[in-house]
2 protein chains.
Amino acid sequence: MAGWEDIRAEVLSRIRSKAWPLGTLIPGEEALAQEFGVARATVNRALSELARSGVLERKRKAGTRVAALPVRKATLDIPVIRAEVEARGAVYGLRLLRCEMDAPPLPVQARLGQDLGQMLHIETLHLASGRGFVVEDRWLNPAILPNPLPDFAAISANEWLVAHVSFASGDISFAAEAASNSAAAALGIPQGSAVFVTERCTWAPDAPITWVRLVHAPGYRLSTVL
Amino acid sequence: MAGWEDIRAEVLSRIRSKAWPLGTLIPGEEALAQEFGVARATVNRALSELARSGVLERKRKAGTRVAALPVRKATLDIPVIRAEVEARGAVYGLRLLRCEMDAPPLPVQARLGQDLGQMLHIETLHLASGRGFVVEDRWLNPAILPNPLPDFAAISANEWLVAHVSFASGDISFAAEAASNSAAAALGIPQGSAVFVTERCTWAPDAPITWVRLVHAPGYRLSTVL
DNA sequence: CTTTGGTTTATGTGCAGACATAATAGCGTT
DNA sequence: AACGCTATTATGTCTGCACATAAACCAAAG
C-alpha cells in the first residue's frame, strides 16, 4: 500500500542517490502516478510537501525539478513567553516596569511605517523561577486596542494580545547585540553582555498593532529540528 | 466559487472575531462542508493549513479546536552561505583557514552522541565583497564522506555537502555569544563583540554527518515573515 | 526581427465517495 | 471502583475524475 509519505520517501531517495541529480527535471505527476500505481492526487501531495520543504521547485507547465541549491526550510515555534518558561519546568512570573503613553523613537516609527503619534509603551520583565528571563519592550497602537484594557501587571501584554487582538501579518527577526544599560540592569547581567534579541512587528489588515523587542537573558537558545 | 483559501480566510475571521473563541471546539468537517457548500476535502485542506500554522489543533475523534495558546509557526529559509551573500548584492569569497584530521572537543562529541575518533576539521572564512561575513567551524565524519573529496579552498564545505551528501535529520539552534579570540580575529572585530551564532548538527539515517558552528559578523539578522 | 496571440501542457485545485485510523466514550466484567 | 473491550466518530488519506490556470512554445502578423 503506497501512501503519499511513501511516495515522498521514494522521491527523496532518488534525489539523494543522484538518480535525479540537482537541477534535473523529474517526470510529470501523471507518469509518476502510473509508475507507483497510485492516483495523481497522491503524487501531487507528496511533491507538494517536498516543494514546501525546499527540496523541489515546481512551476506550472515548466514541470518539477530538483532544487539546484537546496534551501532548507525550518519551522520555528514562537510560543507565548509564559509557555516557554513553563516548558522549561520553571515558574513563570512577570514584573511591569513601565506602562505609559509616549512618543515612540524614530526607529520604531520607521518600522511601523508611519507616525502614529503617542503610543502605549509597556516594558515588562518576564521571570523564570524568580530569575530574569526576558525583557519585553513594547509599543502598542492605542487606536486598535479593544476595551477594556487589562491590568498588564497581571497578564503580560504578550499573552493578552494573542488572545484579544487579531493579526493579519507580521515579521520577526533575530540578532545578537550587546546588552543596553537598562536591559542589563533588569536582567541582572553585566552591561554589554551578548544577548539574543527578538524583534517582532505585527499588523492588522489596515493598521499596525505593535512593535516589540525581546531581550533574552544570556544562555538563551532558539532551536528547531530540520 | 469557494476555494480552500476562501474557507481558510472565513475560518480565520471567525476565530479572530471571537465567534469561535480560543479553545473552542469548532464544527466538524462534514458540517462546515455543508455550510460552505463545498466538498469535505476542501474544508480539510483549509483546516489542515490552519493547523499547520498553529491556529488550530486537530485530533482524530476529538475534533478540531481553536488553539488555546496560539503558537505562531514561522518558517525560516536556511540558504547556502554563498546564496545568502549574493542575495545581499555582495561578491562571495572564501578563505580556507584549516583542514585537517583531529579529535573533536568533548562538546562536539556530545552533540553527535558518540565518539567517532578522528574527524575532519574544517574552518572557513566566508567573505562578502571582501569583508568577513561568517566563520564556519565544521567537524565532518570521515566515514560517511563520498570520494573524491573536493578542494575545500575552492568550494565551501557547506555547499559541497548539500550537493553530495544526503541527510536524514538534523537540528539547528541560534544563540548570541561573545566572540572568541579566533573568531574575532578572523572577522576583524573586537574580541568579545556580541555575535550571532548558528549551530547545526545533521545525521544520515544511521550515522552523524557533521556538526557545524557559524559565527556571523556583527549586524547579522535572521528574519522571516509570520 | 520583433511582437502578438493562440495552443499545449504540467501543475493547482475542485468534487464525491470510500476506507483507514486513532481516540474517546460507554459498556460490561471482575 | 478499577480494568479492559467494543462501538462510535472525527479526522486522515486515497481514488478517479474534472476543470482552472500559468507558462512555455510556436506560429502568424506587423
Side-chain angles (χ1 to χ4, degrees), chain A residues 1-15 19-71 73 75, chain B residues 1-15 19-71 73 75:
Chain A
M1 188 63 32
W4 69 267
E5 296 195 89
D6 300 295
I7 308 292
R8 180 182 61 180
E10 172 60 22
V11 170
L12 247 186
S13 93
R14 288 191 188 182
I15 292 170
W20 292 339
L22 299 188
T24 313
L25 194 65
I26 75 173
E29 297 187 346
E30 199 65 60
L32 290 175
Q34 195 162 355
E35 178 190 342
F36 293 129
V38 300
R40 190 174 74 92
T42 307
V43 173
N44 183 290
R45 176 77 191 266
L47 297 187
S48 298
E49 292 287 331
L50 287 170
R52 189 199 296 271
S53 62
V55 176
L56 295 177
E57 286 168 359
R58 322 194 69 196
K59 270 199 324 208
R60 279 181 163 138
K61 158 69 183 176
T64 302
R65 57 181 61 244
V66 181
L69 274 193
V71 174
K73 292 199 161 75
T75 47
Chain B
M1 187 66 22
W4 69 267
E5 298 197 80
D6 300 295
I7 308 291
R8 179 182 62 181
E10 172 60 22
V11 169
L12 247 186
S13 92
R14 289 191 187 182
I15 292 170
W20 292 339
L22 299 188
T24 312
L25 194 64
I26 75 174
E29 298 186 345
E30 199 66 61
L32 290 176
Q34 196 162 355
E35 177 190 343
F36 294 128
V38 300
R40 191 173 75 92
T42 307
V43 173
N44 183 291
R45 176 79 191 265
L47 298 187
S48 298
E49 292 288 330
L50 287 169
R52 189 200 297 273
S53 62
V55 176
L56 295 177
E57 286 169 358
R58 322 192 70 195
K59 272 200 322 209
R60 280 182 162 138
K61 158 70 183 176
T64 301
R65 57 181 61 244
V66 182
L69 276 193
V71 175
K73 295 204 160 93
T75 46

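A quick note: this is a predicted structure, and the numbers were derived from the prediction, not measured. Below, all heavy atoms of this structure are taken into account, side chains as well, without hydrogens, waters or symmetry copies. Numbered from 1 within each chain, the chains take letters A, B, ... in sequence-line order.
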Measure the distance from [atom1] on [X] to [atom2] on [N] and round it to the nearest whole Å.
{"X": "A:Asp6", "N": "D:dT13", "atom1": "CG", "atom2": "P", "value": "12 Å"}
{"X": "B:Trp4", "N": "C:dG12", "atom1": "CH2", "atom2": "C1'", "value": "10 Å"}
{"X": "A:Phe36", "N": "D:dT15", "atom1": "CZ", "atom2": "C1'", "value": "17 Å"}
{"X": "B:Gln34", "N": "C:dA16", "atom1": "CD", "atom2": "C1'", "value": "14 Å"}
{"X": "B:Arg58", "N": "C:dT24", "atom1": "CZ", "atom2": "P", "value": "16 Å"}
{"X": "A:Leu25", "N": "C:dT9", "atom1": "CG", "atom2": "P", "value": "15 Å"}
{"X": "A:Arg45", "N": "D:dT15", "atom1": "CZ", "atom2": "P", "value": "13 Å"}

- Item | Interface with DNA chain D, restricted to residues 46-54 of chain A and to heavy atoms under 4.0 Å | none

- Message: Would you compute the distance between atom OG1 of B:Thr64 and atom CG of B:Asn44 and round it to the nearest 0.5 angstrom?
- Response: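 B:Thr64 atom OG1 to B:Asn44 atom CG measures 8.5 Å (nearest 0.5 Å).
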
- Message: As an exercise, state the distance from CG of A:Leu12 to CD of A:Glu5, rounded to the nearest 0.5 Å.
- Response: 11.5 Å

Heavy atoms only: give me the nearest [X]-[Y] pair and the separation to one decimal.
{"X": "A:Leu22", "Y": "A:Ala68", "result": "CD1-O, 3.5 Å"}
{"X": "A:Ala67", "Y": "A:Gly54", "result": "CB-O, 3.5 Å"}
{"X": "B:Gly3", "Y": "B:Asp6", "result": "N-OD2, 2.8 Å"}

Would you tabulate the pairs of protein nitrogen or oxygen atoms and nucleotide nitrogen or oxygen atoms of nucleotides 18-25 of chain D closer than 3.5 angstrom?
unit_1: D:dA18; atom_1: N6; unit_2: A:Arg40; atom_2: NH2; d: 3.2
unit_1: D:dT21; atom_1: O2; unit_2: A:Arg60; atom_2: NE; d: 3.4

- Please name all residues satisfying side chain to side chain contact (heavy atoms under 4.5 Å, CB included) with A:Ile15, sequence neighbours left out, ordered by chain then number.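 Listed in chain order: A:Val11, A:Trp20, A:Val55, A:Leu56, A:Val66.
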
- Looking across every strand, which nucleic acid part, if any, lies under 4.0 Å from B:Ala41 by heavy atom: base, sugar-phosphate, or nothing? nothing

- May I ask you to verify if any side-chain N or O of A:Thr42 is less than 4.0 angstrom from the OP1 or OP2 atom of D:dT15?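 It does, given that an N or O in the side chain of A:Thr42 lies less than 4.0 Å from OP1 or OP2 of D:dT15.
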
- Task: Using only side-chain N and O atoms of A:Asn44, determine if any of them is under 4.0 Å from OP1 or OP2 of C:dT13.
- Result: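 So the side chain of A:Asn44 is outside the cut-off, no N or O lying under 4.0 Å from OP1 or OP2 of C:dT13.
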
- Message: Please enumerate all residues that pass salt bridge (Lys or Arg N to Asp or Glu O under 4.0 Å) together with A:Glu35, with sequence neighbours excluded.
- Response: A:Arg14

- Note on the structure: In short, salt bridge (Lys or Arg N to Asp or Glu O under 4.0 Å) pairs touching residues 51-71 of chain A with sequence neighbours left out are A:Glu29-A:Arg58, A:Arg52-B:Glu49

- Task: Starting from the C-alpha separation in whole Å, work towards a yes-or-no answer on side-chain contact (heavy atoms from CB on, under 4.5 Å) for B:Leu32 and B:Leu47.
- Result: CA-CA 10 Å; B:Leu32 290 176; B:Leu47 298 187; 4.2 Å; yes

